[in-house]
Undergrad: 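Can you read through this structure? Questions will come right after.
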Amino acid sequence: MTIGEAVRLRIKELCRQNNITLNKLATISGITQSTLNNIASGRNNSATVATVKKICDGLEISIQDFFDSELFQNLEQEIK
């Protein structure tokens, strides 16, 4: 799994856990709906750290909480 795929799945997982839609997450995070939809759909496979931080702030979790998931174990090496 790539980091982009893991971030996408983690965002969806956190939405389910918090019983919110992607659009609600975009609103509470101060991210445009198109940006978040592009990340969640895989069209944008490289969410920035700043975007992840906004998501964390919207969900009132730390960045450590965001990345504290088995999704981020054993990621593929990405050399391009």
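The chain is numbered in sequence order, starting from 1.
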Undergrad: Identify the two heavy atoms, one from Glu5 and one from Asn45, that lie closest to each other, and give their separation to 0.1 Å.
TA: N-OD1, 3.8 Å
Undergrad: Provide the closest heavy-atom pair for Ser41 versus Arg8 in the form atom of the first, atom of the second, distance.
TA: C-CD, 3.9 Å
Undergrad: Tell me if a side-chain donor or acceptor on Ser29 pairs with a main-chain N or O of Leu25 at a distance below 3.5 Å.
TA: yes
Undergrad: Find the distance between CG (Leu22) and CD1 (Ile39) and round it off to the nearest 0.5 Å.
TA: 10.0 Å
Undergrad: Report, as yes or no, whether the 6.0 Å neighbourhood of atom CD on Gln17 holds more than 12 heavy atoms from other residues, nucleotides or ligands.
TA: yes
Undergrad: Give the C-alpha distance, both sets of side-chain angles, the deciding distance and a yes or no for side chain to side chain contact (heavy atoms under 4.5 Å, CB included) between Thr35 and Asn38.
TA: CA-CA 5 Å; Thr35 296; Asn38 285 339; 5.8 Å; no
Undergrad: Between Val7 and Ala47, which heavy-atom pair has the shortest distance, and what is it?
TA: CG1-CB, 4.2 Å
Undergrad: Could you report the tightest heavy-atom contact between Leu36 and Ile31, atom names first, then the distance?
TA: N-CG2, 4.1 Å
Undergrad: Ring-plane angle category for Phe72 and Phe66, please: parallel below 30°, perpendicular beyond 60°, tilted otherwise.
TA: tilted
Undergrad: Please check: side-chain N/O of Asn18 versus main-chain N/O of Ile20, any donor-acceptor pairing under 3.5 Å?
TA: no
Undergrad: Which heavy atom in Ser62 sits nearest to a heavy atom in Cys56, and how many Å separate them?
TA: O-SG, 3.7 Å
Undergrad: Is a side-chain donor or acceptor of Lys12 paired with a backbone partner of Ala40 at a separation under 3.5 angstrom?
TA: yes
Undergrad: Between Arg10 and Glu13, is there a side-chain N and carboxylate O pair less than 4.0 Å apart?
TA: yes
Undergrad: I'd like to know if the side chain of Glu60 and the backbone of Asp57 have a donor-acceptor N/O pair within less than 3.5 Å.
TA: no
Undergrad: Does Leu71 offer a backbone N or O that forms a donor-acceptor pair with the side chain of Ser69 under 3.5 Å?
TA: yes
Undergrad: Indicate whether the side chain of Asn37 and that of Ser34 have a donor and an acceptor atom separated by less than 3.5 Å.
TA: no
